[in-house]
Number of protein chains: 2
Amino acid sequence: MTKQARGDLTRQKILQAARSNFSRRGYDATGVADICQQAGVSKGGFYHHFPSKQALFIALLQDWLHALDVQISALTTQNTPATVMLQNLAALAAPLFAEAAGQVPMFLEFWNKAARDTEVWAATIEPYHRYRDVFASIIQQGVESGDFRAVAPQMMATGLVALGIGLLLQAGLDQDGMNWGETTQQITQTFLKGLQQETE
Amino acid sequence: MTKQARGDLTRQKILQAARSNFSRRGYDATGVADICQQAGVSKGGFYHHFPSKQALFIALLQDWLHALDVQISALTTQNTPATVMLQNLAALAAPLFAEAAGQVPMFLEFWNKAARDTEVWAATIEPYHRYRDVFASIIQQGVESGDFRAVAPQMMATGLVALGIGLLLQAGLDQDGMNWGETTQQITQTFLKGLQQETE
DNA sequence: AGAATAATACCGACCGGTTGGTATGAATAA
DNA sequence: TTATTCATACCAACCGGTCGGTATTATTCT
């Protein structure tokens, strides 16, 4: 195996081990030694690939955001009416929420760190604004086409994001008997109805 | 000063110092020594009042939940139509979100711990269910009175909670130029419109 | 081609500092 | 006196990060 390939592999193993540990036990409770052990790498090896524990965390965050990017941009390329687009979005999000169990701890970890760590905050807020703007432009399109009432797109986009965040957290922390997929659909439907022009 | 009073006072000082430190720098980053110093108490004093750092955290959580209890139960005692009730709720929440800056880190800290610590989880989930049920019964009343469509109250209550959580987090982490009070009002209004029976 | 040199990937012992928690004794109200 | 409330001194464990060194692979020179 080439040197490059071997290096990349161990880097991936470290990232994987970190992901698993951070989401299971949290950032602070996870020691660099733990990650090293699970990845089968020594401490020296770890610090060869990452300058610090924080840098590893940010790398993880960016991987996560990139995956989100892919999912969301897949939506915007279509050219369908706003109503349909938002319904697609909900349909896409529903299964994600239903299986939110493993995702949530990591999600919370990111936000929690972002609230205090300037670097993490910067890495989080930029894509967040991008996603919100995507929603806003979809809504704006809906307003212009007359499907929606004359609402403020930015505000309503914030509402959509709020629904997403809130549902994700609830689904993750409260695996009740609730059907989270169905719940997501119903709620989105209701919000959409609130956006729509009343047919007279 | 009596012994009792003095003890209660230092206990309060410890709680206050902990609240300040936890929300500013996070649970793990805050040492017991930090709290002691700010509270003007020695380590011995601290461990006289609280058996552990975790116990202090849970005590803080319960204080916080109790304050929420008071606010929410103040709503339910009134006997107004569901629509008005929910609008009142939004009006009550709006300023809270607008000044969410200090609240959010603590909020995140609670949820983050709840996702991993069984005791914290139990202390969190019970009141959460209670609040959601309150919303559900308000919505149910709206359905029965004919103001609302025939929606599933539990699901819509979940949506309301999702909006609350999502808005709180966004307002706290993103002190943009946005007017969060206004935004909250608009979004609630929209969701409400989605709930309402279309007037024919 | 093959020797010499450099760069990369990794190891594991070690360090300074911090942490939550404890053992013990003093002050003071009851 | 006696129980409560707090102060002092201290500890064992742990943590992120460093460092000197080695083995392996690339690169350059002859």
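Chain A is the first sequence line, chain B the second, and so forth, proteins listed ahead of strands; every chain is numbered from 1.
Note: CD (B/Gln12) to C1' (D/dT5) measures 16 Å, nearest angstrom. The nearest whole Å value for the distance from the CD1 atom in A/Ile35 to the C1' atom in D/dC14 is 15 Å. Atom P of nucleotide D/dG17 and atom CG of A/Leu56 are separated by 10 Å, given to the nearest angstrom. If you measure from atom OH of A/Tyr27 to atom P of D/dC15, you get 13 Å, rounded to the nearest angstrom. Counting to the nearest Å, the P atom of C/dG20 and the CZ atom of B/Phe50 are 15 Å from each other. Straight-line distance from the NE2 atom of A/His49 to the P atom of C/dA7: 19 Å, rounded to whole Å. The CG-P distance, from A/Asp28 to C/dG20, rounds to 11 Å in whole Å. Nucleotide D/dA26 holds its P atom 9 Å from the CZ atom of A/Arg6, rounded to whole Å.
Ion pairing between A/Asp174 and B/Arg132 holds under the 4.0 Å rule for side-chain N and carboxylate O.
A donor-acceptor contact shorter than 3.5 Å links the side chain of A/Lys53 to the backbone of A/Tyr27. Panel note: side chain B/Arg24, backbone B/Thr30; no donor-acceptor pair is recorded below 3.5 Å. With B/Trp180 contributing its side chain and B/Leu167 its backbone, the two residues share no donor-acceptor pair below 3.5 Å.
In this structure, the helix from C/dA1-D/dT30 to C/dG25-D/dC6 shows an angle of 10° between the axis at its start and the axis at its end, each fitted on 5 base pairs and rounded to 10°.
For A/Lys43 against D/dG17, a side-chain-to-base donor-acceptor contact under 3.5 Å is present.
Of the candidates D/dG17, D/dC6, C/dG20, the closest approach to any side-chain atom of B/Thr10 belongs to D/dC6. Out of C/dG20, D/dC6, D/dG17, the shortest distance to the side chain of B/Lys53 is found at C/dG20. Across C/dT22, C/dT8, D/dG17, the shortest atom-to-atom separation from the side chain of A/His48 is found for C/dT8. With D/dA7, C/dG21, D/dG17 as the candidates, the nucleotide lying closest to the side chain of B/Tyr47 is C/dG21.
Nearest-nucleotide positions on DNA chain D for A/Gly44 and A/Val32 put A/Val32 closer to the 5' end.
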Take A/Arg130 and A/Glu126 through the test salt bridge (charged side-chain N to carboxylate O under 4.0 Å, His left out) and record every step on the way to the result.
-> CA-CA 6 Å; A/Arg130 235 179 31 242; A/Glu126 185 269 331; 2.7 Å; yes
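Judged by distance alone, the side chains of A/Ser20 and A/Gln38 do bring a donor and an acceptor atom under 3.5 Å apart.
With sequence neighbours left out, the salt bridge (Lys or Arg N to Asp or Glu O under 4.0 Å) criterion links B/Lys193 to A/Glu198.
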